[in-house]
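Below: one structure, written as structure tokens.
Any value given below was found using the heavy atoms of this structure, including those in side chains, with hydrogens, waters and symmetry copies removed. Because the structure is predicted, anything quoted here is derived from the model rather than measured. Indexing begins at 1, ligand by ligand and atom by atom, following the structure's order.
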Amino acid sequence: MSVSGETQSSGNSSITSFFTAKTPILGLQLYIVIAATVIIMVVILFLICLLIRLNRTSKRNCIGSKKSSGLLPLVADVIRENRTTDLNEIGGKIDRKKEDETIAILRKEAQEVLEIESEGIKGSSGSNESSTSRSDTSSAISGSNESTNIGWGRWYSLKELEMATNGFRAENVIGEGGYGVVFRGELQDGSVVAVKKLLNNKGQAEKEFRVEVEAIGKVRHKNLAGLLGYCSEGAHRILVYEYIDNGNLEQWLHGDVGSVSPLTWEIRMKIAIGTARGLAYLHEGLEPKVVHRDVKSSNILLDRKWNPKVSDFGLAKLLVSEKSYVTTRVMGTFGYVSPDYASTGMLNEGSDVYSFGVMLMEIITGRSPVDYSRPPGEMNLVDWFKGMVANRRGEELVDPLIEVHPPPRSLKRVLLICLRCIDMDANKRPKMGQIVHMLEADEFPFRSEPRLVQEDPLNPRLAGINRLQLATKNGAGDDDQKPRGR
Ligand SMILES: Nc1ncnc2c1ncn2[C@@H]1O[C@H](COP(=O)(O)OP(=O)(O)OP(=O)(O)O)[C@@H](O)[C@H]1O
């Protein structure tokens with residue numbers, strides 16, 4: 001018993017001395033080295049597990065997005081993440097729940113457009129000719145070897161677009177912008193499209209062009225002019241859009257429409273809200289978000305029911321979601337570009353919000369952002385507008401061509417929305433989703449269907465502006481749905 005006890009104690013002491021023996025590692029005792037190694041391994045294992053977990057989550061998100069791709073724009077959780085704390089609204093706080101509802105509605109609207117298209121039903125403009133649906137267009141030349149379905153839309157051959165536009169004839173020209181000429185085109189089945197022939201002075205490579213167009217083409221919302229497809233042959237770069245048949249907002253605001261504008265206050269607000277919805281969808285309903293970069297009245301197309309459709313994605317660039325801005329060449333149109341974007345070239349949604357604010361001022365006043373024909377203090381719309389509001393002369397801002405003035409409370413609210421949009425501090429500007437919500441606030445009495453259709457669209461007072469040429473070419477004179485000057 002005592003021998004075995006001695007043996008045991010000598011065993012214990014040899015184990016102890018083994019573990020307490022000094023090692024070559026910094027002269028530390030063995031048990032300390034073992035303990036440190038174990039701790040390090042546990043930490044490493046923990047980190048590996050964490051990484052695996054994170055990786056799985058991101059893959060799941062990716063798969064989620066991919067599942068929604070194809071025809072469906074990528075709708076991501078980024079909407080929630082993008083929400084800033086800047087929710088102070090005029091006269092109170094924006095209700096977050098309502099804001100959520102707004103985003104949900106935007107998503108639903110996008111989904112509806114896709115469903116309509118996939119069912120091959122005509123678009124929502126109410127006109128037989130306008131808003132040719134993608135399915136219509138797809139079926140237009142089905143059977144042609146040259147046509148290719150590209151998932152979200154169509155690839156068009158140069159030949160069929162030449163045929164559609166009578167060889168890109170001058171008579172088919174709807175208008176010309178900084179990026180090319182827009183033609184009215186009629187496909188073989190009679191459906192009408194807008195064919196935008198890009199200047200391609202960049203000599204953009206086919207692949208680069210295709211990548212950009214593919215990204216834009218998937219975007220669908222009832223307040224966005226939908227891209228139906230494209231053509232890329234040789235040096236030709238052509239975009240094919242749904243045709244919106246009632247001109248653009250600039251023409252209606254600044255064209256010769258007579259002494260009373262067909263754009264009543266209610267119609268103007270309908271246009272403002274629809275435009276805000278389209279932009280909110282670009283900013284908050286897509287992943288990666290899309291900044292338009294050239295929000296202005298000539299890029300707001302109108303259908304016969306005064307539904308606005310934001311057009312011209314030629315300038316739109318996709319933003320990578322991790323970045324809050326991208327630095328790029330300053331683009332946009334004089335008078336609409338936010339001072340921060342112009343001076344730094346830093347682009348984010350706030351630049352669009354500023355431009356939207358200027359456009360809202362234009363909608364209220366009927367004045368162009370820059371008008372050299374006015375007295376010096378009134379040439380710059382933003383400066384004049386701010387001065388008028390500061391001097392409590394808001395009532396005088398309303399376009400004299402608006403026959404029935406808005407209720408003072410509604411007017412005041414919209415004036416203040418304008419001012420918030422053009423805040424010099426880009427971070428203080430509201431998000432487009434918030435603007436939708438503010439514009440739709442209950443105080444506005446324009447929930448009911450506005451006076452949509454006015455009288456003679458061929459009013460000679462409109463003769464100088466493009467829309468009349470458009471209307472005439474389209475045979476719009478026979479359609480009693482079209483807007484009329486009074
Ligand atoms: N999908 C469309 N349906 C009907 N008309 C269109 C369509 N897209 C553009 N237009 C019209 O074609 C004309 C030229 O448009 P475009 O977008 O090329 O130039 P812009 O907006 O006037 O100038 P910028 O290039 O500086 O944006 C405008 O009158 C516009 O209203």
Side-chain angles (χ1 to χ4, degrees), residues 123-125 127 129-134 136-137 153 156 161 164-165 168 170-187 191-202 216-217 219-230 237-255 271 275 278 292-304 306-317 329-337 352 355 358-359 362 368-370 462 464-474 476 482:
S124 58
S125 76
S127 153
E129 208 173 51
S130 67
S131 297
T132 313
S133 81
R134 189 183 336 188
D136 297 334
T137 320
Y156 294 85
L161 292 181
T165 57
F168 297 107
E171 289 81 69
N172 283 58
V173 172
I174 301 171
E176 191 170 349
Y179 290 83
V181 185
V182 181
F183 297 84
R184 180 178 179 276
E186 202 167 322
L187 297 172
S191 59
V192 179
V193 290
V195 179
K196 189 166 193 169
K197 203 162 181 251
L198 302 177
L199 293 170
N200 193 28
N201 48 12
K202 283 199 297 178
I216 297 161
V219 178
R220 280 290 184 275
H221 185 272
K222 68 176 186 175
N223 294 117
L224 298 174
L227 189 60
L228 301 172
Y230 68 97
R237 301 287 179 268
I238 304 169
L239 300 174
V240 180
Y241 286 96
E242 64 173 318
Y243 182 76
I244 320 294
D245 63 350
N246 196 20
N248 64 50
L249 179 61
E250 184 191 43
Q251 293 165 337
W252 282 104
L253 285 176
H254 311 305
I271 293 169
T275 304
H292 186 288
R293 300 217 277 189
D294 199 16
V295 175
K296 58 177 176 177
S297 55
S298 70
N299 278 336
I300 309 304
L301 305 177
L302 298 166
D303 73 8
R304 305 291 177 96
W306 304 111
N307 290 305
K309 308 231 177 200
V310 180
S311 84
D312 211 345
F313 294 90
L315 289 169
K317 287 279 174 195
R329 189 164 67 90
V330 175
M331 286 170 154
T333 301
F334 186 54
Y336 292 92
V337 178
D352 280 355
S355 307
V358 176
M359 202 185 74
E362 201 181 340
S368 297
V370 180
L462 277 172
I465 62 172
N466 279 348
R467 73 148 299 279
L468 182 62
Q469 293 161 6
L470 262 177
T472 316
K473 276 177 198 158
N474 298 343
K482 63 190 165 261

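- Within ligand 1, the atoms closer than 4.0 Å to a non-hydrogen atom of Lys196 are 16 (P), 17 (O), 18 (O), numbered from 1 in the order shown.
- Distances between N or O atoms of Tyr241 and those of ligand 1 include no value under 3.5 Å.
- Inspection of the Tyr336 and Ser297 side chains reveals an N or O donor paired with an N or O acceptor under 3.5 Å.
- Residue contacts with ligand 1: Ile244 is placed with a nitrogen or oxygen under 3.5 Å of a nitrogen or oxygen of the ligand (distance criterion only).
- Near Asn299, meaning under 4.0 Å from one of its heavy atoms, ligand 1 places the atoms 17 (O), 21 (O), 27 (O).
- Note: Tyr230 OH to Leu161 CG = 12.5 Å, rounded to the nearest 0.5 Å.
- Atom-to-atom distance recorded for Asn307:CG and Ile271:CD1 is 9.0 Å, nearest 0.5 angstrom.
- Proximity of Arg184 to ligand 1 is not established, as no heavy-atom distance is less than 4.0 Å.
- At least one N/O-N/O distance between Asp312 and ligand 1 falls below 3.5 Å.
- The contact set between ligand 1 and Ala194, taken as ligand atoms under 4.0 Å from a residue heavy atom, comprises 1 (N), 2 (C), 3 (N), 7 (C).
- Counting heavy atoms closer than 4.0 Å to ligand 1, residue Val181 contributes nothing at all.
- For the atom pair Leu301 CG and Gln251 CD, the distance stands at 9.0 Å (nearest 0.5 Å).
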Ile174 vs Tyr243, side chain to side chain contact (heavy atoms under 4.5 Å, CB included): CA-CA, chis, key distance, verdict: CA-CA 11 Å; Ile174 301 171; Tyr243 182 76; 3.5 Å; yes
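- For the atom pair NZ (Lys309) and CG (Asn299), the distance works out to 15.0 Å, reported to the nearest 0.5 Å.
- A cation-pi geometry, defined here as NZ or CZ lying under 6.0 Å from the six-membered ring centre and within 45° of its normal, does not hold between Lys196 and Phe183.
- The proximity of Asp245 to ligand 1, defined as any non-hydrogen pair under 4.0 Å, does not occur for either the backbone or the side chain.
- Salt bridge annotation for Arg304-Asp245: present, with a cationic side-chain nitrogen under 4.0 angstrom from a carboxylate oxygen.
- Atoms of ligand 1 lying under 4.0 Å from at least one heavy atom of Asn248, given by number and element, are 28 (C), 29 (O), 30 (C), 31 (O).
- Contacts between Ala225 and ligand 1 below 4.0 angstrom, taking non-hydrogen atoms only, are absent altogether.
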